[in-house]
**Student:** 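Quick one: this structure, given as structure tokens, is what I'll be asking you about.
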Amino acid sequence: MWKDYSKSYIKNNRASSISVMTAAFVAAMFLSLLCCIAYNFWTYEIESIVLNEGDWQGRIVGRIDEADLSIIQNFANVREAVINTELSEEGNTVIDISFQNARRIYQDMPLITEQLGLNTDTVEYHSLLLSRYFIHDPQDADPPLLLALYLGILIIVAVSLILIIRNSFELSMNARIHQFGIFSSIGATPKQIKICLLQEALALSILPIMLGSLIGIAVSYGLIELVNIFAEDVSGRHAAVFQYHPFLFAVTIFSSVLTVFFSAWIPARKLSMITPLEAIRSTGGLQLKKRNHSRILTLMFGIKGELAGNALKAQKKSLRISTISLLLSFLGFSIMLMFTTLSGISTRYTYFEKYQNAWDIMITVKDTAISDFDLTDEVKDVSGTEDVTVYQKANAVGILSEDWQSDELTMLGGLDSVAGKQNEGGQFHVEIPIVVLDDTSFLEYCSHIGITPSLDGAVVFNRIWDSVNSNFRYKQYVPFLKEDRTTSTIYNASTNNQFVEIPILSYTQTAPILREEYKNYGLVHFIPMAMWKEILGVIGGSESDSYIRIFSDGSADLADLSNLEKEIVQRIGKNYEIESENRVQEKISNDSMMNGMMMIFGAFCVLLAMIGLANVFSNTLGFLRQRKREFAQYMSIGLIPQEMWKMFFIEAFVIAGKPLLITMPLTVLFVQSAVTASYLEPVVFWSEAPVLPILVFAAGIIFFTALAYYIGGKRLLQCDLNETLRDDASV
């Protein structure tokens with residue numbers, strides 16, 4: 001019986017059925033789209049990390065023989081342990097390790113080093129790759145939150161997209177209260193009514209859910225291809241390949257079906273619990289309660305405000321989707337714009353503006369030591385170059401006595417206070433980053449800082465960050481050491497027992513003009529290539545790549561730099577594996593990526609707003625019959641059409657204004673917290689705050705909400721309300 005009735009109802013009520021099917025299709029499509037895009041962004045990020053840094057999870061660096069390697073390979077949780085031949089040096093082996101259960105890496109790596117008799121300083125973690133698998137160091141008090149932020153936004157958007165299904169079912173089912181009251185009066189049980197409604201819901205939704213999921217996959221594929229087209233010229237980017245996992249499809253279908261089930265179950269349960277007498281007598285009108293006073297609206301708009309407030313309270317549940325969707329859309333849009341603006345300002349200050357005069361073109365020469373690169377003169381001979389510096393970086397350590405600290409550093413509390421270094425018997429272990437310059441550039445650097453050019457020593461970058469009196473955004477520095485020592489003792493970072501003593505040519509707080517960020521608490525040494533060749537065998541620790549920093553002699557616009565970059569790449573790309581960047585293109589690429597990110601998140605926020613506004617239109621037009629009775633009653637007590645229009649626009653004002661009023665203080669609070677956390681001057685941010693786009697978005701919400709009420713009001717007032725009163729009187 002119920003099966004035949006459901007088929008008959010679906011066949012004879014196409015408009016209602018289409019509304020439910022459309023809601024299920026749209027929600028499933030966008031849920032599938034969001035899942036696909038999020039999954040592909042995640043896999044692409046992992047691919048980028050693996051391509052650039054390798055797929056190792058943990059790394060041990062030290063004196064490791066075959067027996068030690070066997071111990072590592074036989075450790076219970078280790079999936080693979082191999083020797084990294086590129087990074088390993090004589091007497092200093094690098095072992096790359098991956099685990100079966102990577103979540104135990106921070107517990108297992110110390111156990112492995114303990115079995116090998118090594119200290120924990122020999123361990124490296126691939127923190128960036130691990131973080132993409134949501135694995136963080138338990139000792140890290142501030143784990144990365146950016147990915148969690150994006151995930152949170154994604155969940156909020158997905159939940160908001162599927163909420164509309166419930167509203168569609170509720171509108172459809174509420175229109176049948178009288179009908180099911182009759183069924184209940186002739187013996188239908190609440191359970192039977194509920195099952196009937198759920199069967200209808202699933203019958204109407206299964207095909208749209210399947211189709212919507214497939215369309216979502218196709219749209220996400222198209223978006224990935226569009227991203228590849230628009231980002232084709234972005235430096236250092238590899239092409240994204242669309243990926244999909246069957247488990248993702250299963251999750252999408254299951255979530256959509258579950259959502260449809262509960263979206264239909266809530267109104268079905270409510271409908272099945274209505275008594276037969278209540279259902280038969282129901283007129284479908286708004287249930288206005290005399291005790292529902294809206295004091296604020298009454299104070300602002302008088303009796304029309306109170307009537308509008310009562311009508312809104314009567315529609316509170318049906319308008320809940322609108323309120324949530326509009327609130328989340330405006331909040332998401334505002335915070336997204338504020339966040340990307342803050343991120344852009346931070347990137348500009350800490351990278352583009354900070355280093356805009358430090359390079360025009362950068363060439364990374366892969367897997368090549370500075371001493372093995374023999375095309376420096378050819379690069380300098382390229383027409384359009386003004387200055388060329390070839391350099392390589394290395395890592396070493398030093399042991400400093402307490403009395404070698406500068407007076408300024410001592411006044412701040414010393415290394416233990418400023419950098420958190422442990423004092424071990426009056427000595428400190430500090431990092432000594434080494435920058436090896438080609439001999440010509442080193443001699444020029446000596447002349448620049450006012451000392452006699454020489455290749456027989458090092459220049460010590462004598463500064464340390466004053467973390468006591470300044471923050472990371474606006475750093476202040478003090479001298480690191482007293483400048484009374486003529487030699488520096490440098491230890492091998494891996495063994496700590498091999499060292500060399502080299503002459504100090506000078507102390508300085510002026511670094512060579514390079515695109516480098518030096519460690520806050522490291523004692524940087526600048527060394528000529530000639531001296532590096534002498535000490536390399538003892539110190540080691542050199543990075544595998546070399547770098548070429550180039551200044552052009554022209555106006556440094558995009559065309560000039562691109563041509564110069566192309567010429568240099570042609571000259572040295574035949575003999576070496578290289579990567580190249582130019583400053584102007586890098587800025588353009590960064591701006592394109594930021595704009596693209598804003599467009600993607602902006603589109604999702606607009607979509608949320610569309611869902612909320614669609615709900616407003618649905619309620620405004622769907623409740624036409626109920627509002628006819630309501631306004632016929634108002635007309636009977638003397639309310640004129642102009643006053644009815646005023647009521648409509650008061651309702652539109654409340655529906656659109658409520659999300660805006662809630663969002664504004666939350667957005668300001670978020671911005672204030674983010675600006676404070678980033679140590680950015682508030683006036684700097686607010687001078688660039690995206691106020692106009694936010695106001696335009698808010699104006700759009702207000703306009704379309706008002707439009708919905710205008711259309712509904714126009715249709716309502718064109719009806720014969722007196723006829724409605726006569727119909728009610730005859731009931």
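Predicted, not measured: the structure shown is a model, and the values here were computed from it.
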**Student:** Between Glu581 and Arg515, does any side-chain N to carboxylate O distance fall below 4.0 Å?
**Tutor:** yes
**Student:** Is there side-chain contact between Ser552 and Ile361, with heavy atoms separated by less than 4.5 Å?
**Tutor:** no
**Student:** Check whether the side chains of Ser488 and His525 place a donor and an acceptor atom closer than 3.5 Å, and report yes or no.
**Tutor:** yes
**Student:** Can you tell me if Asp68 uses its side chain to pair, donor with acceptor, with the backbone of Leu116 under 3.5 Å?
**Tutor:** no
**Student:** Which residues pass the ring pair (Phe, Tyr, Trp, His ring centres under 6.0 Å) test with Phe526, not counting sequence neighbours?
**Tutor:** Tyr445, Phe461, Tyr518
**Student:** Please enumerate all residues that pass ring pair (Phe, Tyr, Trp, His ring centres under 6.0 Å) together with Phe373, with sequence neighbours excluded.
**Tutor:** Tyr576
**Student:** Table please: side-chain donor-acceptor pairs of residues 534-549 below 3.5 Å, with sequence neighbours left out.
**Tutor:**
{"residue": "Asp545", "atom": "OD1", "partner": "Asp367", "partner atom": "N", "Å": "2.8"}
{"residue": "Ser546", "atom": "OG", "partner": "Thr368", "partner atom": "O", "Å": "2.6"}
{"residue": "Ser546", "atom": "OG", "partner": "Ile370", "partner atom": "N", "Å": "3.1"}
{"residue": "Arg549", "atom": "NE", "partner": "Ile513", "partner atom": "O", "Å": "2.8"}
{"residue": "Arg549", "atom": "NH1", "partner": "Asp387", "partner atom": "OD2", "Å": "2.6"}
{"residue": "Arg549", "atom": "NH2", "partner": "Asp387", "partner atom": "OD2", "Å": "3.0"}
{"residue": "Arg549", "atom": "NH2", "partner": "Thr389", "partner atom": "OG1", "Å": "3.0"}
{"residue": "Arg549", "atom": "NH2", "partner": "Ile513", "partner atom": "O", "Å": "3.2"}

**Student:** Where do Asn40 and Val241 come nearest, in terms of heavy atoms and distance?
**Tutor:** OD1-O, 3.7 Å
**Student:** Please identify which of these residues, Lys566, Lys587, Glu565, meets the side-chain hydrogen bond (donor to acceptor under 3.5 Å, both in side chains) condition with Asn582.
**Tutor:** Glu565
**Student:** Mind checking what makes salt bridge (charged side-chain N to carboxylate O under 4.0 Å, His left out) contact with Lys533, not counting sequence neighbours?
**Tutor:** none
**Student:** So, using ring pair (Phe, Tyr, Trp, His ring centres under 6.0 Å) as the criterion, who are the partners of Phe428 when residues are at least two apart?
**Tutor:** none
**Student:** Output all residues satisfying side chain to side chain donor-acceptor pair (under 3.5 Å) with Tyr355, sequence neighbours left out; order by chain, then residue number.
**Tutor:** Glu517
